[in-house]
Undergrad: 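The structure that follows is given in the form of structure tokens.
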Amino acid sequence: MKKELFCILGLLCLSGAIAAQPVMADRHAARGMGCEACHAANDKTRPVRKDACLKCHGSYEAMAKRTEKVVPNPHFNHYGDRDCTTCHKGHQQSVVSCNACHQFDLKTP
Ligand code: HEC
Ligand code: HEC
Ligand code: HEC
Ligand code: HEC
């Protein structure tokens, strides 16, 4: 009984810690970037496409170079140059879109 209570408390603490991880938009805000950095014309109703990210991050080739040691390289593969936000979510936990079909041990920031 006592042990179970600790487990429940432990889980609550753990989920709290995960929820407290700042999401991508907040990490950009912390570097002084406003909403309009990603939301063109500050319009939040339109989807954020990769050209918005590439204004600052250069190109898929540049991203592939940054993660060239990661296997598989999330920025260079047969799945193609998708919108960055298929993996990097703005205001929620990011995902690994590859894992709709694979089981790669990747972690998307
Ligand atoms: C680093 C890029 C980035 C920044 C900066 C950013 N957003 Fe977003 N925003 C996104 C993305 C990507 C989506 C699409 C949904 C998602 O991935 O969470 C989105 C979606 C939204 C939506 C649609 C509803 C939703 O959550 O899906 C709203 C509203 C929004 N953002 C508000 C804001 C506001 C307000 C700011 C500034 C305080 C901001 N965003 C800054 C990337 C960003
Ligand atoms: C106004 C410029 C700007 C825009 C637009 C922008 N970023 Fe960034 N981003 C930065 C800077 C600066 C850093 C910190 C230095 C670095 O890691 O390149 C960064 C860091 C990151 C990081 C790694 C570090 C972290 O804190 O997460 C990811 C992932 C990232 N950006 C993804 C995106 C995605 C996806 C988009 C589009 C939705 C985007 N960025 C739009 C400037 C920008
Ligand atoms: C298929 C999913 C996926 C897509 C699409 C994707 N990324 Fe990533 N990204 C990742 C993963 C996974 C990592 C972490 C790799 C690692 O383990 O270091 C990452 C890391 C990053 C980093 C940090 C690199 C570093 O030096 O640590 C940046 C910046 C970034 N991505 C930007 C982008 C941008 C910009 C785009 C769109 C042009 C994009 N990503 C598209 C999955 C993705
Ligand atoms: C719609 C399903 C689908 C998605 C999404 C997908 N793949 Fe694949 N992938 C396949 C299929 C099918 C094969 C070929 C069969 C095999 O070898 O598993 C394959 C093969 C591969 C291979 C070579 C075989 C292996 O498993 O080592 C790599 C590497 C790979 N994919 C990486 C990725 C990466 C990285 C992503 C995300 C950016 C991704 N895939 C997204 C379906 C998919």
Side-chain angles (χ1 to χ4, degrees):
M1 175 62 191
K2 209 172 186 178
K3 193 173 158 207
E4 271 162 21
L5 185 64
F6 272 110
C7 286
I8 290 166
L9 287 175
L11 268 180
L12 282 179
C13 293
L14 189 63
S15 57
I18 290 168
Q21 285 269 317
V23 292
M24 186 183 65
D26 294 345
R27 294 195 306 265
H28 282 73
R31 294 188 173 96
M33 289 171 251
C35 316
E36 71 290 347
C38 295
H39 295 284
N42 217 2
D43 179 356
K44 284 107 187 166
T45 61
R46 275 188 291 168
V48 179
R49 300 294 188 203
K50 64 183 173 205
D51 49 305
C53 315
L54 292 178
K55 269 189 310 195
C56 297
H57 288 287
S59 63
Y60 248 104
E61 290 70 38
M63 286 300 105
K65 186 119 199 11
R66 267 179 82 159
T67 51
E68 66 187 350
K69 298 217 168 70
V70 180
V71 183
N73 190 334
H75 304 128
F76 182 69
N77 51 68
H78 73 90
Y79 202 43
D81 297 351
R82 307 269 156 163
D83 277 319
C84 315
T85 57
T86 56
C87 293
H88 297 279
K89 300 296 178 191
H91 307 272
Q92 53 197 304
Q93 172 119 46
S94 292
V95 301
V96 180
S97 65
C98 323
N99 288 353
C101 304
H102 296 281
Q103 285 185 301
F104 294 134
D105 191 18
L106 293 169
K107 204 165 174 297
T108 307

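Note that this is a predicted model, so its numbers are computed, not measured. Counting starts at 1 for both ligands and their atoms, in listed order.
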Undergrad: Can you find a pair of side-chain heavy atoms, one from Pro109 and one from Met24, that are under 4.5 Å apart?
TA: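 Pro109 vs Met24: side chains apart.
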
Undergrad: Between Pro74 and Val96, is there a side-chain heavy-atom distance shorter than 4.5 Å?
TA: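 Not in contact.
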
Undergrad: Cluster question for you: counting only ILVMFWY and a side-chain heavy-atom cut-off of under 4.5 Å, with indirect links fine, are Phe76 and Val70 together?
TA: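 Different clusters.
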
Undergrad: Is any side-chain N of the basic residue among Lys50 and Asp83 closer than 4.0 Å to the acidic one's carboxylate O?
TA: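 Here Lys50 does not pair with Asp83 in a salt bridge, since their nearest N and O are not under 4.0 Å apart.
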
Undergrad: So for Val96, does at least one of its heavy atoms come nearer than 4.0 angstrom to any atom of ligand 3?
TA: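 It does not; every heavy atom stays at 4.0 Å or beyond.
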
Undergrad: Show me which atoms of ligand 3 lie under 4.0 Å from any heavy atom of Ser97.
TA: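 Taking each heavy atom of Ser97 in turn, ligand 3 has 1 (C) under 4.0 Å.
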
Undergrad: Using heavy atoms and a cut-off under 4.0 Å, could you grab the residues that are in contact with ligand 1, chain by chain, numbers ascending?
TA: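 Around ligand 1, where the cutoff is 4.0 Å for heavy atoms, the contacting residues are Met24, Ala25, His28, Gly34, Cys35, Cys38, His39, Lys44, Val48, Thr85, Lys89, Gly90, His91, Gln92.
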
Undergrad: Write down the atom of Arg46, the atom of His39, and the distance for their closest heavy-atom approach.
TA: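 Heavy atoms of Arg46 and His39 come nearest at O-ND1, 4.4 Å.
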
Undergrad: Counting C-beta onward and ignoring hydrogens, is there a side-chain heavy-atom pair between Met63 and His57 closer than 4.5 Å?
TA: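 Answer yes - side chains close enough.
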
Undergrad: Please report the closest heavy-atom contact between Asn73 and Glu68, naming both atoms and the distance.
TA: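 Looking at all heavy atoms of both residues, the shortest contact is ND2-CA, 3.6 Å.
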
Undergrad: One residue to check: Tyr79. Relative to ligand 3, which of side chain, backbone, both or neither has a non-hydrogen atom less than 4.0 Å away?
TA: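 The answer is neither; Tyr79 stays 4.0 Å or more away.
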
Undergrad: Any atoms of ligand 2 less than 4.0 Å from a non-hydrogen atom of Arg66? List them with their elements.
TA: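 Counting from 1, the qualifying ligand atoms are 16 (C), 17 (O), 18 (O).
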
Undergrad: Under 4.0 Å from a heavy atom of Leu54: which atoms of ligand 3 are those, numbered in the order shown and with their elements?
TA: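 Close to Leu54: 38 (C).
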
Undergrad: Run the numbers for me: atoms of ligand 3, each under 4.0 Å from some heavy atom of Pro109, listed by number.
TA: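 That gives atoms 13 (C), 14 (C), 19 (C), 20 (C) of ligand 3.
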
Undergrad: Out of all atoms in ligand 3, which are within 4.0 Å of some heavy atom of Tyr60? Include the element for each.
TA: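 Here the atoms of ligand 3 in question are 5 (C), 37 (C), 38 (C), 41 (C).
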
Undergrad: Check whether Tyr60 reaches the backbone of Leu54 with its side chain - one donor and one acceptor, N or O, closer than 3.5 Å.
TA: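 No, Tyr60 side chain to Leu54 backbone: no donor-acceptor pair under 3.5 Å.
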
Undergrad: Hey, which atoms in ligand 3 end up nearer than 4.0 Å to a heavy atom of His57?
TA: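 Answer, ordered by atom number: 29 (C), 35 (C).
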
Undergrad: Do Cys87 and Thr108 have side chains that get closer than 4.5 Å, going by heavy atoms?
TA: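 In short, these two side chains touch, coming nearer than 4.5 Å.
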
Undergrad: Check Asn42 against Cys35 and note the closest heavy-atom contact, atom names and distance.
TA: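 Smallest interatomic distance, heavy atoms only, reads OD1-CB, 3.5 Å.
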
